[in-house]
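Contents: one structure, followed by commentary.
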Amino acid sequence: MKKRWVQALQGNKETTALLAQQLNIDSSLAQILVQRGISSFEEARQYFRPDMGRLHDPFLMKDMDKAIERIDKAINSREKILVYGDYDVDGTTSVALAFSFFSQFTDQIGYYIPDRHKEGYGISTAGIDYANANGISLIIALDCGIKSTDKIAYANSLNIDFIICDHHLPGEVLPAAVAILDPKRKDCPYPFKELAGCGIGFKLAQAYCLQHRLPQEQYERYLDLVMVSIAADIVPIEDENRILAYHGLIKLNSNPCIGLKALMDISGKNKDYTLTDVVFTLAPRINAAGRMDHANQAVKMLLCTEDNLAQEQSLLINLQNTERKTSDQNMTAEALALIAECEILINKKTTVVYHESWNKGVIGIVASRLTEKYYRPTVVLTKSNGLLTGSARSVAGFDLYEALLGCEDLLVQFGGHKFAAGLTIKAEDIGFFTERFENIVAATITEDLLCPEISIDNEIRLRQIDGKFQRIIAQMAPFGPHNMAPVFVSHEVFLASKPYVVGTKHLKLAIKQQNSSIFECIAFGMAEEYEQLLQPNQPFSVCYTIEENIWKAQKRLQLNIKEIKLN
């Protein structure tokens, strides 16, 4: 699918020129910094050198004092505590962090992850009943709970207290918990609103250490877990998330926890991780436990203190990930066939597909695949416990949550955010939901949003690219939402040699521009489209990122081409 090329608005020229002079960098790079809200030498210093000392005071978070007070009471009176979390990467890393941290101060603590297939998302009645049967009087819920008003009321009736550590949008009524840590609640003055769930758990540990004058190493040892959750949950890489991700990557690459080290070893990549590597290498494996079996397996691995046990757990999780891949491929093929066979479905502004035998744990991945293919808001449903349960995915710029809110009366439950959501619906309502969802999206989405875009930071000449240019870009990492790797565009470029195919569908080429050196390029997935189209002496335009390619211990600059336009 061809993409729209959208060039970012250029920042103030005087600010850009001054910043380029102060930092002694190319003005095109200074321009990108200005576009990202950096307009002074001091702001640039903080950006390039993220400092743990600039983390916000955790007690600025509403109810943090109440949460610490209740935990202290539980520890001092030897109450039984249960750490409860979701079954995805953010949830399992949150549980591993909180359980490991508070285990230092009490042995009256356990953890609980709901079964995705039997209990579904969030706080479950079964989880509360488990706590009640085991004499647990305090539950610390991470990455879930902000909308579980009925479940918290049930727990209160059993004299079980809840501390909720969540980062999702609250509803109109907050649960009656002892403490609710969620920067997105309207009355919370915490200055940064976009922490991942594990980030909230990290702030809880930080607050506990500050309250008890414990060394910061007590909570900083979990930075690798926090970073994995930040990468997997696709939260903005700015403010505290940038600091935590930056230092978390340092820890992952130098001294990871035993469980993550075992997973890195078995994945075939055990060094030089970026956030992107975490997203595509570690996160799917951690997620696979909850998708194919039970997320307890992931927590067990992350909590391992012995190498041999960690290796066993990582091997199990790796096998589950292999099973997940097969299931994902088969279900995606079936879903694509359902759409291809129905002309009405092809021509809609939305995709809603259902099959009763699809694996509940994989439908979110399939929804993402279908969104990539047809680029429109997508819902994939399967049968579970007598109801239809589904995962929804959006396209950039369209608020999926608002669209689902317009269907709220047809849904048993739903939750999520503007880009992704989960929902449950009665089987008899699927037709009504499909029609309503289509009507809402069709009335509110623009044609531009139904066409994927490439956001271009700046136009440059190839001759501007050298080792220093690339090193400055590398220092802008970690990359992710709100701080993506810079994308450049260059026009009137030419082939420097004949392109050739690597793998089955990737194109290797070399390009040049007037008065430039020759640059090696990789164009992933573009061989079929461009191998024959690109001809010698024919000018074309490319948009690309600049990276360092390491092959047989040799480092070379490489352009990673995002799209090509023939002139």
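What's counted below: heavy atoms across the whole structure, side chains too, no hydrogens, waters or symmetry copies.
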Mind telling me whether Tyr208 and Phe102 have parallel, tilted or perpendicular rings, with 30° and 60° as the class edges?
-> perpendicular

Could you label the plane-to-plane angle of the Phe101 and Phe105 rings as parallel, tilted or perpendicular, counting under 30° as parallel and over 60° as perpendicular?
->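 Correct class here is perpendicular.
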
Please say whether more than 12 non-hydrogen atoms of neighbouring residues, nucleotides or ligands are located less than 6.0 Å from [atom1] in [X].
| X | atom1 | result |
| --- | --- | --- |
| Lys66 | NZ | no |
| Lys261 | NZ | no |
| Ile234 | CD1 | no |
| Lys426 | NZ | no |
| Glu69 | CD | no |
| Lys348 | NZ | yes |
| Glu435 | CD | no |
| Lys269 | NZ | yes |

Could you walk me through whether Ser267 and Tyr273 pass the side-chain hydrogen bond (donor to acceptor under 3.5 Å, both in side chains) test, one step at a time?
-> CA-CA 12 Å; Ser267 75; Tyr273 266 75; 3.2 Å; yes

Of the non-hydrogen atoms in [X] and [Y], which two are nearest, and what is the gap between them?
| X | Y | result |
| --- | --- | --- |
| Leu225 | Cys257 | CD2-SG, 4.3 Å |
| Ser229 | Val89 | CA-CG1, 4.5 Å |
| Ser391 | Ala367 | O-CB, 3.8 Å |
| Leu275 | Ala231 | CD2-CB, 3.8 Å |
| Ala141 | Cys144 | CB-O, 4.0 Å |
| Gly85 | Pro114 | O-CD, 3.0 Å |

Find out whether [X] and [Y] are in side-chain contact, i.e. whether some heavy atom of one side chain is under 4.5 Å from a heavy atom of the other.
| X | Y | result |
| --- | --- | --- |
| Leu303 | Ser100 | yes |
| Ile243 | Met52 | yes |
| Leu316 | Gln297 | yes |
| Trp358 | Met331 | yes |
| Gln413 | Leu423 | no |
| Cys209 | Gln216 | no |
| Val380 | Thr378 | yes |
| Ile286 | Val228 | yes |

For Tyr47, is the NZ or CZ atom of Arg242 found under 6.0 angstrom from the centre of its six-membered ring and inside 45 degrees of the ring axis?
-> yes

Without hydrogens or angle criteria, can the side chains of [X] and [Y] be said to hold a donor-acceptor pair below 3.5 Å?
| X | Y | answer |
| --- | --- | --- |
| Asp143 | His167 | yes |
| Asn321 | Arg324 | yes |
| Thr322 | Asn318 | no |

Would Glu240 and Lys193 satisfy salt bridge (Lys or Arg N to Asp or Glu O under 4.0 Å), going step by step from the backbone distance to the final call?
-> CA-CA 10 Å; Glu240 280 192 309; Lys193 305 296 183 182; over 6 Å; no

Give a yes or no on whether the backbone of [Y] and the side-chain of [X] come within a donor-acceptor separation of less than 3.5 Å.
| X | Y | result |
| --- | --- | --- |
| Asp166 | Leu181 | no |
| Lys349 | Val441 | no |
| Asp57 | Phe59 | yes |

Residues Ile425, Val412; criterion side-chain contact (heavy atoms from CB on, under 4.5 Å); working and verdict | CA-CA 5 Å; Ile425 188 170; Val412 176; 5.5 Å; no

His482 vs Asn241, side-chain hydrogen bond (donor to acceptor under 3.5 Å, both in side chains): CA-CA, chis, key distance, verdict = CA-CA 11 Å; His482 295 207; Asn241 283 342; over 6 Å; no

Please assess Arg369 against Ile365 for the test side-chain contact (heavy atoms from CB on, under 4.5 Å), listing each intermediate value before the final yes or no.
-> CA-CA 6 Å; Arg369 302 263 193 263; Ile365 300 174; 3.7 Å; yes

Would Phe479 and Thr274 satisfy side-chain contact (heavy atoms from CB on, under 4.5 Å), going step by step from the backbone distance to the final call?
-> CA-CA 8 Å; Phe479 296 121; Thr274 65; over 6 Å; no

Give the intermediate values and the outcome of ring pair (Phe, Tyr, Trp, His ring centres under 6.0 Å) for residues Tyr130 and Tyr112.
-> CA-CA 9 Å; Tyr130 170 87; Tyr112 187 96; 5.1 Å; yes

Please lay out, stage by stage, how Tyr222 and Lys251 fare under the test side-chain hydrogen bond (donor to acceptor under 3.5 Å, both in side chains).
-> CA-CA 9 Å; Tyr222 301 107; Lys251 186 174 188 308; over 6 Å; no

Does the distance from a Lys or Arg side-chain N to an Asp or Glu carboxylate O, for Asp88 and Arg291, drop under 4.0 Å?
->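 No.
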
Apply ring pair (Phe, Tyr, Trp, His ring centres under 6.0 Å) to Tyr219 and Phe202, showing your working.
-> CA-CA 7 Å; Tyr219 59 88; Phe202 181 84; 5.4 Å; yes

Under the side-chain contact (heavy atoms from CB on, under 4.5 Å) rule, what do His117 and Asn359 come out as? Steps first, then yes or no, please.
-> CA-CA 9 Å; His117 303 277; Asn359 184 332; 3.3 Å; yes

Output every pair passing ring pair (Phe, Tyr, Trp, His ring centres under 6.0 Å) with a member in residues 384-403, not counting sequence neighbours, ordered by first then second residue.
-> Tyr401-Phe414

Could you pull out all residues at least two apart from Thr351 that satisfy side-chain hydrogen bond (donor to acceptor under 3.5 Å, both in side chains)?
-> Arg376

